[in-house]
Number of protein chains: 2
Amino acid sequence: MGVKEKRAKYKEEFRRDILDAARELFINEGYENFSMRKLAEKIEYSPTTIYLYFKNKDDLLFAICEEFFGHFSDQLNHIRAVSRDPIETLRKVVLYLMNFGLKNPNQYKLIFFTKSVYGTREELVEKESMARNTYFVFREIVQDCIDAGKMKETEADVIVDTLTIASHGVVTKNIYCADFLKKRSGKAVRAMVDVLFRGLQK
Amino acid sequence: MGVKEKRAKYKEEFRRDILDAARELFINEGYENFSMRKLAEKIEYSPTTIYLYFKNKDDLLFAICEEFFGHFSDQLNHIRAVSRDPIETLRKVVLYLMNFGLKNPNQYKLIFFTKSVYGTREELVEKESMARNTYFVFREIVQDCIDAGKMKETEADVIVDTLTIASHGVVTKNIYCADFLKKRSGKAVRAMVDVLFRGLQK
DNA sequence: TATCCATACTTAACAGTGTTAGGATAATTG
DNA sequence: CAATTATCCTAACACTGTTAAGTATGGATA
């Protein structure tokens, strides 16, 4: 391996280290208490060093989001692979999304509250990204349900929106209403999923 | 009127002026660009003066939220008064909530993203507040639907949660997905409301 | 080997944030 | 008139993201 490649690899590795530290800091300290300076302290470098590996804070957050969406689309594919009935698959996917958000509020906030990281859906669909892959898999699963004749023949896009938006609501409710998780989130999740599928199925 | 009363009235009036300026600043400059210092500049006082009328930033935001909930619960009562069919009333209420959020993103953010201003539902129900009144009216409207035999006999609480959570999802989707409003929010709102009521009605 | 130079990283600073301590001024009270 | 109190301000603290400019260091080259 040449020196340049070695350097590139080192750079790549350091970037990963920073990313890992950032994610950890986010999860431990929370969305509001995350700062570039604290991250710098954690990795024991000056704050400015981070800017050699990430354009700015948003760029760093974007990288973490992409990491998550990579993991998430893998999960969707896995759920799809092990389950046969399309409606059951979709139900599991929605439950997975909600439960992830409920269990990882800080990471969820990071992903979905970081102002329009991915822009419009048109932009999302155009530009290669992990978030795009996730969206496509989600839509395919919905299409499976429609093709199996088990769901109203609305556009798959609109159904994806309805499901993700409702999930988003459940999670954000939990984030901004203290103790929602502890006391009523289980009930709320079940109620929401039941209403959604009762409303969507043929 | 005695001097003390006069003073109290003056204090109250100034508080209102600050509140009005703050709301205006929020709507014009946006949630992210609001700051105590900018508000101070707008009202042409030093930043510290604000702290004589509000304990801190959160206290000021809370006051604006309460103002909104006062207006909102009035609206709910009005809708309830002019409409006869309970399901139609409820549908209008949900649409009103969604549309308010879509049209007033900055104010909506302020109200629902200001971290747990009202605490848990138990706390909300206990402590006198405009938000509490709103919650009660909303629940009564849902109860009307159940009593009229037009809705599944789930607890009204849970149904209120389902509806507000879904509305919250629609609005936040709009806030964090650029151009959602312009292109697809109408469709999304209709789809969501249809699914919800199809899922909830008997 | 000595020079050069890019890479990696730092210090110091700018402009902004919420908030507080303590001081100044004006109005009201005794 | 003196004392008190209400009202407002200046200055500061401890943060924030970000940038400009500077310093070592270590490999490549003359």
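Each chain gets a letter, A, B and so on, in the order its sequence line appears, and its residues count up from 1. What you are looking at is a predicted structure, and each value in this text was computed from that prediction instead of being measured.
When the P atom of dT16(D) is taken as reference, atom CG of Asn33(B) falls 20 Å away, rounded to whole Å. Computed from coordinates, the Phe34(A) CZ to dG17(D) C1' distance equals 11 Å when rounded to whole Å. Look at OH on Tyr45(B): it is 17 Å from P on dT25(C), rounded to the nearest Å. Whole-Å rounding puts the Glu41(A) CD to dC15(D) C1' distance at 13 Å. Here dA6(C) presents its C1' atom at 13 Å from CG of Leu52(A), a figure rounded to the nearest Å. Glu29(B) has its CD atom 15 Å from the C1' atom of dT17(C), to the nearest Å. If you measure from atom CD1 of Ile50(A) to atom P of dC9(C), you get 12 Å, rounded to the nearest angstrom. Residue Asn56(A) contributes atom CG, which lies 17 Å from atom C1' of dA20(D) at whole-angstrom precision.
Dashed line: the shortest gap from a side-chain N or O of Thr49(B) to OP1 or OP2 of dC9(D) is under 4.0 Å. An OP1 or OP2 oxygen of dC15(D) is reached within less than 4.0 angstrom by no side-chain nitrogen or oxygen of Lys38(A). A sub-4.0 Å separation between OP1 or OP2 of dT19(C) and a side-chain N or O of Lys55(B) is absent. The side chain of Tyr53(B) places an N or O atom within less than 4.0 Å of a non-bridging phosphate oxygen (OP1 or OP2) of dC8(D).
Here the side chains of Val189(B) and Leu102(B) are in contact, with some heavy-atom distance below 4.5 Å. Contact check for Leu90(A) versus Leu200(A): no side-chain heavy atoms found under the 4.5 Å cut-off.
Aromatic rings from Tyr53(B) and Tyr45(B) are positioned such that their centres are separated by 6.0 Å or more.
Aromatic ring pairs are classed by plane angle as parallel below 30°, tilted from 30° to 60° and perpendicular above 60°; the pair Phe72(A) and Tyr96(A) is parallel.
When heavy atoms are screened at a 4.0 angstrom cut-off, Tyr51(A) is found touching base atoms of the nucleic acid. Using a 4.0 Å heavy-atom criterion, one finds that Ser46(B) contacts the bases of the nucleic acid, with or without backbone contacts as well. Contacts of Phe54(B) with the nucleic acid, taken as non-hydrogen atoms under 4.0 Å apart, are absent.
For dG18(C), its base sits under 3.5 Å from the side chain of Arg37(B) at one donor and acceptor pair at least.
Residue Thr48(A) has its side chain nearest to dT11(C) when only dT11(C), dT19(C), dC8(D) are considered. Nearest nucleotide to the side chain of Phe14(B), out of dC8(D), dT18(D), dT19(C): dC8(D).
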Legend entry - side-chain hydrogen bond (donor to acceptor under 3.5 Å, both in side chains) evaluation trace for Asp59(B) with Tyr51(B): CA-CA 10 Å; Asp59(B) 188 37; Tyr51(B) 287 83; over 6 Å; no
